[in-house]
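Here is the naming used below: chain letters follow the sequence lines, and residue numbers restart at 1 for every chain.
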Number of protein chains: 2
Amino acid sequence: MSEIKRGRGRPSKFDAETSLQVAMHLFWSHGYEGTSMTELTEAMSINKPSLYAAFGSKENLFHKAVEHYLAGPVAFIDAALQEKTAYEVVEKLLLDSAACLVHPDNPKGCMVLMGSLNCGKEAEAIKQEMIVRRQDYEQALKQRFILAQEQGDLSQDAAVDTLAKYVVTMHQGMSVQAVNGASRAELESLANLVLQHWPVNQQSANQTAS
Amino acid sequence: MSEIKRGRGRPSKFDAETSLQVAMHLFWSHGYEGTSMTELTEAMSINKPSLYAAFGSKENLFHKAVEHYLAGPVAFIDAALQEKTAYEVVEKLLLDSAACLVHPDNPKGCMVLMGSLNCGKEAEAIKQEMIVRRQDYEQALKQRFILAQEQGDLSQDAAVDTLAKYVVTMHQGMSVQAVNGASRAELESLANLVLQHWPVNQQSANQTAS
DNA sequence: CAAATTTTTTACCAACTGGTATAATAATAA
DNA sequence: TTATTATTATACCAGTTGGTAAAAAATTTG
C-alpha cells in the first residue's frame with residue numbers, strides 16, 4: 001500500500017488521511033467555529049491553497065472530519081446496536097462511551113456535540129447537521145428497541161420512544177460530564193445506574209451464552 | 001425606583017437592566033464566541049463606546065449576563081434545593097427545567113451549557129468559568145442529598161456522589177435534547193423516568209434529625 | 001448666560017476571518 | 001532537453017473581530 005503510482009506533477013507532501021485526523025482532533029477540541037483555518041493549516045503543516053485544493057472549504061473539511069470520527073473513535077456505536085439484547089446494546093453503548101469520552105488520546109466529550117452545540121448564525125448549517133445526526137442516532141436506538149420487543153428481550157410495556165431518548169440523553173449528558181472533568185469510573189457509575197433499572201422482560205430469561 | 005436624581009451630564013438613553021436582558025438572550029442563543037459586539041450593540045440599540053463604558057468588556061458583559069440568567073430564568077434551581085425531601089428537590093428541579101429549557105420565550109437549552117461548551121482558545125477562561133458553575137451546581141445537589149440522608153428521606157445506602165452526578169447529567173442531557181427539538185412533554189417523560197427509580201428511604205416516611 | 005460634566009456619535013485601529021490569484025517548484029512524459 | 005502537469009509557496013483580498021480616541025450633543029450647576 002506504499003507503492004502508489006505517482007501522477008505527473010509535483011508530489012504532494014502531505015497524506016490526506018493523516019491531515020484529516022489532525023483536523024478531526026482540532027474540530028473535536030474547539031468546535032467548528034472555534035477552529036480557524038490558520039490553526040488547521042499550521043497543525044497539518046500545509047498551506048491554505050493545498051488545504052482548499054484537497055478539501056474544498058472549511059465546511060467540507062468539517063464534514064469529512066465528522067465522517068472520520070464516526071468511522072473511527074465511535075465506531076463502537078454501530079457495533080453496539082448489533083448486540084443480542086436491548087440490555088446488552090445499552091450496556092456496550094454506555095460503557096464504551098464512558099471509555100471514549102475521557103480517553104487520554106481524545107478530546108473530552110463527543111464530537112457530534114462539541115462540534116457546534118452553540119454557534120453564531122454563520123455556522124447555523126453545521127449546527128443543524130449535528131442536530132440531525134443526534135436525532136438519527138436516537139431513532140436508530142428506538143428502532144433497535146422495537147426489534148428487541150419483537151424478539152422478546154424488552155418488555156412490551158416499555159415506552160421505546162422515551163427509553164431511546166433516555167439513553168441518548170444520558171449519553172449526551174455524559175459528554176458534558178466529561179468536559180466537566182469526570183473520570184471514566186464516574187461515567188461508568190452513571191452507565192450502571194441506567195442498567196440497574198433496565199426494564200428487562202420478566203418472563204423471557206433469554207438463555208444465550210454469557 | 002423610577003424617580004432617580006439624574007447626574008450632571010448628558011442623560012444616558014438606555015436602561016442597563018434592559019440591555020443586560022438583551023445581552024443574556026443573545027449569549028444564551030449563540031454562545032459567547034458566537035455573539036459579536038456588533039450584534040450586541042445593534043440589539044441593544046446603543047453604540048459600542050456606551051456599551052464599553054457600562055460593562056467594561058465583552059467578557060465582563062457575559063459575566064453580568066450569566067448572573068442575570070441565574071437570578072432570573074433559572075432561579076427555580078435554588079428554590080428546588082430547599083424543597084422538603086430529596087425526591088421533591090429532584091422533582092421540582094427536573095420538571096421546572098423541562099419547562100424552562102423549551103419555554104417559547106427562551107432560547108433552547110441551558111445558558112450555562114450553551115454559553116461556551118466548546119470554544120477557541122481565546123474563550124478558554126469563559127469555558128472554565130462555565131465548567132466551575134456546573135461543578136458547583138453538582139456539589140450543591142450532593143450536599144442536599146447528604147442532608148436528606150441525615151433527615152431520613154434518602155436511603156443511607158444511596159451513593160450521593162453518583163446520584164447527584166446522575167441528576168445533573170440528566171439535566172444537562174435534557175439541555176441537548178431541547179436543542180435537538182424535544183418537546184416539554186418529552187422532557188417531562190425523562191424527568192419522570194428518573195423519579196420512578198428514585199431510592200426513597202423505605203423505612204422512614206418523614207422524621208427529622210437522627 | 002457660560003462652565004462643567006457625562007453621554008452619544010463618528011470614525012478609526014490592528015489583528016484576524018475564510019478564501020484565492022499568481023508564480024515558483026518538482027515531478028513525469030515526450 | 002523540453003513540454004506538460006500538479007502541487008507548493010507567497011502574497012494578497014474584502015469583511016469582521018474586539019476595542020478606542022476624539023469630537024459633538026445634552027444635561028445640571030453656577
Distance check needed: [N] [atom2] versus [X] [atom1], whole Å only.
| X | N | atom1 | atom2 | result |
| --- | --- | --- | --- | --- |
| Glu122(B) | dG19(D) | CD | C1' | 13 Å |
| Tyr52(A) | dA9(D) | OH | C1' | 16 Å |
| Lys58(B) | dT16(D) | NZ | P | 15 Å |
| Arg10(A) | dT7(D) | CZ | P | 11 Å |
| Phe55(A) | dG19(C) | CZ | P | 14 Å |
| His30(B) | dT17(D) | NE2 | P | 13 Å |
| Glu33(A) | dG18(C) | CD | C1' | 12 Å |
| Glu42(A) | dT17(C) | CD | C1' | 14 Å |

*Starting at the 5' end of DNA chain C and moving along, which residue's nearest nucleotide shows up first, Pro49(A) or Ile46(B)?*
Ile46(B)
*Describe, in one word, how the ring planes of Phe62(A) and Tyr32(A) are oriented to each other, choosing from parallel (under 30°), tilted (30 to 60°) and perpendicular (over 60°).*
perpendicular
Using a heavy-atom cut-off of 4.0 Å across all strands, would you classify [X] as base, sugar-phosphate, or nothing?
| X | answer |
| --- | --- |
| Thr35(A) | sugar-phosphate |
| Thr41(A) | nothing |
| Lys48(A) | base |

*Measure from the side-chain heavy atoms of Phe14(B) and tell me the nearest of dT29(D), dT28(C), dT8(C).*
dT8(C)
*Taking the side chain of Arg8(A) as its heavy atoms from C-beta onward, which of dT17(C), dA29(C), dT28(D) lies nearest to it?*
dA29(C)
State whether [X] places a side-chain N or O below 4.0 Å from either non-bridging phosphate oxygen (OP1 or OP2) of [N].
| X | N | result |
| --- | --- | --- |
| Ser57(A) | dG18(C) | no |
| Asn47(A) | dA9(D) | yes |
| Ser12(B) | dT7(C) | no |
| Ser50(A) | dA9(D) | no |

_Do Trp198(A) and Glu91(A) make a side-chain contact, defined as non-hydrogen atoms from C-beta onward lying under 4.5 Å apart?_
no
*Pick the nucleotide of DNA chain D nearest each of Leu51(A) and Glu59(B); which residue has the one closer to the 5' end?*
Leu51(A)
*asked:* For a side-chain contact (heavy atoms from CB on, under 4.5 Å) check, start with the C-alpha distance between Glu124(B) and Lys127(B), then their side-chain angles and the critical distance, and finish with the verdict.
replied: CA-CA 5 Å; Glu124(B) 195 64 30; Lys127(B) 178 182 170 185; 3.8 Å; yes
_Distance, nearest 0.5 Å, that separates OG1 of Thr169(A) from CD of Glu186(B)_ = 9.5 Å
_Tell me if the CD atom of Glu122(B) is crowded by more than 12 foreign heavy atoms within 6.0 Å._
no
*Mind checking who dA24(C) pairs with, Watson-Crick or G-U wobble, both distances under 3.5 Å?*
dT7(D)
